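All residue numbers in this chain count up from 1 along the given sequence. Just so you know, these numbers come straight off a predicted model, no measurement behind them. Every number for a ligand or one of its atoms is a count from 1 in the order of the listing.
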Amino acid sequence: MKGNFTFYNPTKIYFGLNSVGNLKYELDNYGPNILLAYGGGSIKKNGIYDKVMEILESKEKKVFEFKDIMPNPTLAKLLEGRSLCLENNIDLILAVGGGSVIDCAKGVSASVFVDDPWEEFWLLNKPATKAIPVGAILTMVGTGSEMNGGSVITNEEEKKKKGHVFGPNVFPRFSILDPTYTYTVSKYQMCSGIFDIFSHLMEQYFSGDDDNVSDYLIEGLMKSLINSTKLALKNPKDYEARSNIMWISTLALNTLVGLGKDQDWEVHSIEHQISAYTNCSHGMGLSVISPAYYRHIYKYGLGKFYRFAVNVFEVNPLGKSVDDVAKEGLNCLTEFIKDSDMVTNLKELGCTKDMLIKIAVSSDIEQTSYKVMTADEIYEILLESFEG
Ligand code: NZQ
Ligand code: ZN
């Protein structure tokens, strides 16, 4: 571990079957006014809304609804939530949903205290000095938003989707993770979330080359994810598999496994712009461009790609060159994507050829990648990913 770090994660996790029962105890810590943030209605169909409302009512809370938070939440939606908080003296924002709902709730919680949240946080990257407490009930797995300070917001006017990482005062105070709450997620969204997790692990793994314990943790999480994915695809109600995936997802982006590492995040930067243009599902955007991106950069981190092949995908290195083993590992990644029915080309996400250059020039360039990209290189990667 060459890098210094401070590790502080204040989110309390309630994990497991019926863990929603803990909500009633948590509610004692907050005043009467609750902003209930949720998405387009899945929680009404699967009964989670009724369950949560029953608990809120038993605690005599006054509920203000902040609904229809869309996948890839927009700045306009965030400002709507901000107004609701300002008008109603909100004591707790309770986010019930996936990454989009939780991200939006966290963004709102800090935006209440500033005049121009987009500029303050997403453009100028300033810390939030104050925030309304947020609690989360997770219904879709993938982003890790339930235990981190991330909030990814799309500014539709500027065609820019951007993440901001808030400090511990914006992390959810508590998050409730019941794996059975994810059973009603469609196969498409389940696979999208799984690739999002895999990508978070790769973004942190493919960076720096010291003997870092974080890399060993990541390899273990990747192997467990590959194993559990196979089982969940066979039987989406395999509790052990779905619970493993849920916890791997949280561990993959609660800041633990990135400690002491540079980290990359270029795949995410490119995907965010694909999403800004197509409104695609985040994980599927990542699954489309990852193979081309890693083929493009593997030579700059050859030793690590060799290690990935051998330790994660169990490629037998005997009698093969380092380069061949590294490439075989990347082929295994592509196979994993195909076998898991993830999307493999940009066309399928609604991307048109004339969008590619716009996506390339508007993608943020990360400075800690094995190979720092140019807009031309991003364009090449997009072209390669266009037809798959
Ligand atoms: O809106 P509803 O009706 O609830 O439907 C949602 C949505 O359509 C549905 N869904 C969620 N739980 C369900 C369910 N359907 C049936 N049963 C359930 N139990 O799933 C759809 C997708 O939900 P969404 O929240 O958009 O997915 P996800 O969790 O993948 O979140 C994606 C957002 O998170 C951002 C992404 O960029 C994207 O905006 N990210 C946030 C990060 C963070 N905070 O650290 C990091 C990630 O890299 C990512 O960028
Ligand atoms: Zn992600």
>> With side chain to side chain contact (heavy atoms under 4.5 Å, CB included) as the test, pick out the partner of Leu253 among Gln204, Glu203, Glu146.
In response: Gln204
> Listed by chain and number, what are the salt bridge (Lys or Arg N to Asp or Glu O under 4.0 Å) partners of Asp115, not counting sequence neighbours?
Replying inline: none
>> Taking only non-hydrogen atoms of Lys45, do any sit less than 4.0 angstrom from ligand 1?
In response: no
> Where is the nearest protein heavy atom to atom 29 (O) of ligand 1: which residue, which atom, and how far?
Replying inline: Gly99 N, 2.7 Å
>> So is Lys161 touching ligand 1 or not, going by heavy atoms under 4.0 Å?
In response: yes
> Parallel, tilted or perpendicular: which fits the ring planes of Phe121 and Phe166, with parallel below 30° and perpendicular above 60°?
Replying inline: perpendicular
>> Tell me the nearest of Glu271, Met140, Lys162 to atom 30 (O) of ligand 1, using heavy-atom distances.
In response: Met140
> Is it the side chain, the backbone, both or neither of Thr184 that has a heavy atom closer than 4.0 Å to ligand 1?
Replying inline: both
>> For a 4.5 angstrom cut-off between non-hydrogen side-chain atoms, does Leu356 reach Leu383?
In response: yes
> ligand 1 and Ser151, any nitrogen or oxygen pair closer than 3.5 angstrom?
Replying inline: no
> Which residue holds the protein heavy atom closest to atom 1 (O) of ligand 1, what is that atom called, and what is the gap in Å?
Replying inline: Gly40 N, 2.7 Å
> Got Trp247 and Pro179 here, is their nearest side-chain heavy-atom distance under 4.5 Å?
Replying inline: no
> Cationic tip of Arg307 within the cone over Tyr216's six-membered ring, i.e. under 6.0 Å and within 45° of the normal?
Replying inline: yes
> Out of curiosity, Lys106 NZ to Leu78 CG, how far, rounded to the nearest 0.5 Å?
Replying inline: 12.5 Å
> Using a heavy-atom cut-off of under 4.0 Å, does the side chain or the backbone of Asn46 touch ligand 1, or both, or neither?
Replying inline: side chain
> Where does Tyr38 meet ligand 1, judged by heavy-atom distances below 4.0 Å: at the side chain, the backbone, both, or neither?
Replying inline: neither
> Under 4.0 Å from any heavy atom of Leu253, which atoms of ligand 1 are there?
Replying inline: 45 (O), 46 (C)
>> Could you identify the single nearest non-hydrogen protein atom to atom 12 (N) of ligand 1 and state the distance to 0.1 Å?
In response: Thr139 OG1, 2.8 Å
>> Closer than 4.0 Å to some heavy atom of Ser145 - which atoms of ligand 1 meet that?
In response: 44 (N)
>> Regarding atom 38 (C) of ligand 1: of the candidates Asn72, Val152, Val141, which has the closest heavy atom?
In response: Asn72
>> Taking distance alone, with N or O pairs closer than 3.5 Å, would you say Gly150 contacts ligand 1?
In response: yes
> So is Lys358 actually on top of Tyr277's ring, under 6.0 Å and inside 45° of the axis?
Replying inline: no
> So Tyr298 and Phe305, would you call those rings parallel, tilted or perpendicular, with 30° and 60° as cut-offs?
Replying inline: perpendicular
>> I want to check a possible cation-pi pair here: Lys304 against Tyr205, using under 6.0 Å from ring centre and within 45° of the ring axis as the test.
In response: yes
>> Do Asn125 and His164 pair up side chain to side chain, a donor and an acceptor below 3.5 Å, judged on atom types alone?
In response: yes
> Knowing that exactly one of Val325, Asp324, Val322 qualifies, which makes a side chain to side chain contact (heavy atoms under 4.5 Å, CB included) with Pro317?
Replying inline: Val325
> In the protein, which heavy atom is nearest to atom 45 (O) of ligand 1, and how far is it?
Replying inline: Asn148 ND2, 3.0 Å
> Where on Asp103 is there a heavy atom closer than 4.0 Å to ligand 1, on the side chain, on the backbone, on both, or on neither?
Replying inline: side chain
> atom 49 (C) of ligand 1: which protein heavy atom is closest, and how many Å away?
Replying inline: His282 NE2, 3.3 Å
> What part of His268 sits under 4.0 Å from ligand 1 if we count only heavy atoms: the side chain, the backbone, both or neither?
Replying inline: side chain
> Does the ring of Phe174 carry Lys12 above it, NZ/CZ under 6.0 angstrom from centre and within 45° of its axis?
Replying inline: no
>> Looking only at protein heavy atoms, which one is nearest to atom 34 (O) of ligand 1, and what is the separation?
In response: Thr143 CG2, 3.3 Å
>> Using heavy-atom distances only, which candidate in Ser42, Ser192, Gly41 approaches atom 14 (C) of ligand 1 most closely?
In response: Ser42
>> Parallel, tilted or perpendicular: which one describes the rings of Phe313 and Phe308, with boundaries at 30° and 60°?
In response: perpendicular
>> Checking contacts now, so for atom 47 (C) of ligand 1, which I'm interested in, is there any protein heavy atom under 4.0 Å?
In response: yes
> Just by distance, do the side chain of Thr229 and the backbone of Leu225 share a donor-acceptor pair under 3.5 Å?
Replying inline: yes
> Any side-chain heavy-atom pair from Leu177 and Ser175 closer than 4.5 angstrom?
Replying inline: yes
> Which option out of Gln189, His200, Met147, His164 puts a heavy atom nearest to atom 22 (C) of ligand 1?
Replying inline: Gln189
> Hey, is the main chain of Lys237 close enough, under 3.5 Å, to the side chain of Arg242 for a donor-acceptor pair?
Replying inline: no
> Can you tell me the protein heavy atom closest to atom 7 (C) of ligand 1 and the distance?
Replying inline: Pro71 CG, 3.9 Å
> Does Ile43 have a heavy atom less than 4.0 Å from any atom of ligand 1?
Replying inline: no
> Is a side-chain donor or acceptor of Lys61 paired with a backbone partner of Leu27 at a separation under 3.5 angstrom?
Replying inline: yes
> Backbone, side chain, both or neither: what part of Asp196 comes under 4.0 angstrom of ligand 1, heavy atoms only?
Replying inline: side chain
>> Considering non-hydrogen atoms of the protein only, which is the closest contact for atom 33 (C) of ligand 1, and what is the distance?
In response: Ser100 OG, 3.4 Å
> Which residues and atoms, protein N, O or S only, are under 2.8 Å from the Zn ion (ligand 2)?
Replying inline: Asp196 OD1, His200 NE2, His268 NE2, His282 NE2
> In ligand 1, which numbered atoms sit nearer than 4.0 Å to a non-hydrogen atom of Tyr181?
Replying inline: 19 (N)
> Any side-chain heavy atom of Glu271 sitting closer than 4.5 Å to one from Lys161?
Replying inline: yes
